[in-house]
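What follows is one structure encoded as structure tokens, with my remarks underneath.
Keep in mind it's a predicted model, so treat the numbers as computed, not measured. Order of the sequence lines fixes the chain letters, A, B, ..., with proteins taken first and strands second; residue numbering starts at 1 for each chain.
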There are 2 protein chains.
Amino acid sequence: MATETVENYIKAIYVLCRESPSGEAGVVRLAQEVDVTKGTATSMIKRLAKLKLVKAPRYSGITLTTMGKKVALDVLRRHRIIETFLVSTLNLDWADVHEEAERLEHALSPRTLDRLDEFLGRPSTDPHGDPIPSASGKVSELRGKALSAYIKGAKVEIVRILDQDRAFLKFVAQSGLKPGVCVTVQALSPEGDSITLQVKRGQSVTLSSSAAAKILARLQ
Amino acid sequence: MATETVENYIKAIYVLCRESPSGEAGVVRLAQEVDVTKGTATSMIKRLAKLKLVKAPRYSGITLTTMGKKVALDVLRRHRIIETFLVSTLNLDWADVHEEAERLEHALSPRTLDRLDEFLGRPSTDPHGDPIPSASGKVSELRGKALSAYIKGAKVEIVRILDQDRAFLKFVAQSGLKPGVCVTVQALSPEGDSITLQVKRGQSVTLSSSAAAKILARLQ
DNA sequence: TTCAAAAGTTTGACGACTCAAACTTTGTTG
DNA sequence: CAACAAAGTTTGAGTCGTCAAACTTTTGAA
Ligand SMILES: [Mn+2]
Ligand SMILES: [Mn+2]
Ligand SMILES: [Mn+2]
Ligand SMILES: [Mn+2]
């Protein structure tokens, strides 16, 4: 089995590859993500390559091998099932569960994970709207577009928040923008670089475009 | 915070001290318990002493400091609450949960532990009858005497199994001797070194004295 | 009392993970 | 194109946790 550290690097590489248009991860971003120096990240990447989990040509981008992807989706599945449990069963705060799951994801056996999944009713997304990979390693990442991509008057349902940052999540929850909530695009201001949403009758929220880009929604 | 390895050593030392009549742990037994060589255990003990978690005079017995005891009870609390959850909520097998808790016990934050404890209704013992230390670090170890200590005809209730070994736990469960069950001492055979119990009307079980010594019960 | 076996310690070495700091390559940009 | 910043790599060193094997101390039988 991959060590806890290895799992963390692989998961981070997976997420970075998703995010980047080139589909490759970079050393500096990876180092930031796992909170080590870039030298440390470089040496770990060499080890991951030896373990056949990544491909990393010298001075070039990092990508996961098929095996690496499998490990990443496995960790992600554990992470998201745990988050779901912490929120829906133990009533922990939406914004706090990421950190906790970050540790617990490495300590669950397959059997216990499956029992937990069963207990939760086999959920398809976690509390942030992130899709939960299946036990066989399949995941449907595509659901919804960024709030900033909709036109004025659009009635949409929030489906996913693409950010684990506690402060951001607190703000999102405060604004009543959790997944499942329906909102209307009230105004778009390219000059002001912002978007205004009507959450409920009489309650509206203004977000910067960069914030709106991290909130996915779908029509109706 | 103490590292996972440190927590495991401290917990093992606590348990060994409980078990031994002298109240002290030995290096060889400790090494067995945490599954390392005795040389490794010795060097770890030196580190634990530097951390002020144990007292360990050279060539003599190991004891926990007040701080060490606090750490041990904290880990034990986490371990037992997790075992309770795994059995009573996720329906995992009585005999399997020890291993699982052995890993999870190091990954729970105090807040999550408390929520879990609350969710479970603040249980006072785990599925094996082991007492759960309070959040403030108090525990009542004394409850019941070994089955082998009762006289013929005694009607007793099983309260605790002093062994985490899977095979033994499977056997105990098979025999219907889980905590909470009431049995009658049917026969004692000092020659045969065994004890026979009536579990239900018509169903009886014979145990060796050494097995019976690991099962605690109380009158009535 | 003696002395072997058991208990405990020391030594030298290793793998995993990390850092700081010096270094090399790559990609812009004037 | 030159040169410079950003990205990536290398080097040397340190901590943690571990082993095997040689060593020392304690202890309990003969
Ligand atoms: Mn993690
Ligand atoms: Mn999430
Ligand atoms: Mn453990
Ligand atoms: Mn137990």
Side-chain angles (χ1 to χ4, degrees), chain A residues 1-13 15-17 19-64 68 71 75 102-103 105-107, chain B residues 1-13 15-17 19-64 68 71 75 102-103 105-107:
Chain A
M1 240 318 96
T3 171
E4 173 160 346
T5 307
V6 165
E7 288 190 343
N8 284 334
Y9 275 88
I10 292 295
K11 193 178 57 163
I13 292 169
V15 171
L16 290 175
C17 289
E19 280 177 10
S20 111
S22 67
E24 297 180 337
V27 171
V28 170
R29 281 300 314 283
L30 175 58
Q32 272 169 12
E33 209 67 24
V34 298
D35 200 30
V36 296
T37 63
K38 54 189 178 160
T40 300
T42 295
S43 67
M44 179 52 94
I45 287 160
K46 226 181 290 178
R47 279 186 42 220
L48 297 178
K50 202 166 291 173
L51 291 172
K52 304 273 185 211
L53 295 172
V54 306
K55 272 207 87 170
R58 232 155 154 267
Y59 289 105
S60 165
I62 309 157
T63 51
L64 291 176
V71 171
V75 181
E102 201 54 55
R103 276 171 290 114
E105 67 189 355
H106 311 289
Chain B
M1 241 314 99
T3 171
E4 172 161 348
T5 307
V6 165
E7 287 190 344
N8 284 335
Y9 275 87
I10 293 295
K11 192 177 57 162
I13 292 168
V15 171
L16 290 174
C17 288
E19 280 176 11
S20 111
S22 67
E24 297 180 337
V27 171
V28 170
R29 279 302 313 286
L30 175 58
Q32 272 169 12
E33 209 66 26
V34 298
D35 199 32
V36 297
T37 63
K38 54 190 178 158
T40 300
T42 295
S43 68
M44 180 52 94
I45 287 159
K46 225 180 291 178
R47 279 185 40 218
L48 298 178
K50 202 165 293 174
L51 291 171
K52 305 272 186 214
L53 294 172
V54 306
K55 273 208 88 168
R58 238 158 150 262
Y59 289 104
S60 167
I62 308 156
T63 50
L64 291 176
V71 171
V75 181
E102 201 54 56
R103 276 171 292 114
E105 67 190 355
H106 310 289

Once you round it to whole Å, what is the distance between C1' of D:dA7 and CD1 of A:Ile62? 11 Å
Looking at DNA chain D, which of residues 52-61 of chain A put a heavy atom within less than 4.0 Å of it? A:Arg58, A:Tyr59
When rounded to whole Å, the CD1 to C1' distance for the pair B:Ile13 and C:dG8 reads 14 Å
Rounded distance in Å - CG (A:Asn8) to C1' (C:dT18): 14 Å
What does nucleotides 15-20 of chain D look like as a protein-contact string, B for base, S for sugar-phosphate only, - for none, at under 4.0 angstrom between heavy atoms? -SSBBS
Side-chain heavy atoms of B:Glu19 within contact of B:Arg29, under 4.5 Å: yes
Considering all heavy atoms of both residues, which atom of B:Ala25 and which atom of B:Leu16 are nearest to each other, and what is their separation? CB-CB, 3.8 Å
Evaluate the side-chain proximity of A:Thr3 to A:Glu7: yes if any heavy-atom separation is below 4.5 Å, no if none is. no
Between NE2 of A:His106 and P of C:dA16 the distance, given in whole Å, is 18 Å
Which whole-number value in Å describes the distance from A:Gln32 CD to C:dT18 P? 16 Å
Scanning both residues in full, the closest heavy-atom pair of A:Gly68 with A:Ile10 reads O-CG2, 3.4 Å
With a 4.0 Å cut-off, would you call B:Lys11 and B:Glu105 a salt bridge? yes
Could you tell me the separation between the CD1 atom of A:Ile10 and the P atom of C:dC17, rounded to a whole number of Å? 12 Å
Interatomic distance where CG belongs to A:Leu30 and P belongs to D:dG8 [whole Å]: 10 Å
For B:Glu24 against B:Gly61, the heavy-atom pair lying closest together: OE1-CA, 3.5 Å
Check each of B:Val54, B:Val6, B:Leu53 against B:Arg47 using the side chain to side chain contact (heavy atoms under 4.5 Å, CB included) test, and report the only one that passes. B:Val6
Tell me: CG of B:Leu16 to P of C:dG8, nearest whole Å? 11 Å
Donor-acceptor pair, side chain of B:Thr40 and main chain of B:Val36, under 3.5 angstrom: no
Contact check, side chains of B:His106 and B:Asn8, non-hydrogen atoms, under 4.5 Å: yes
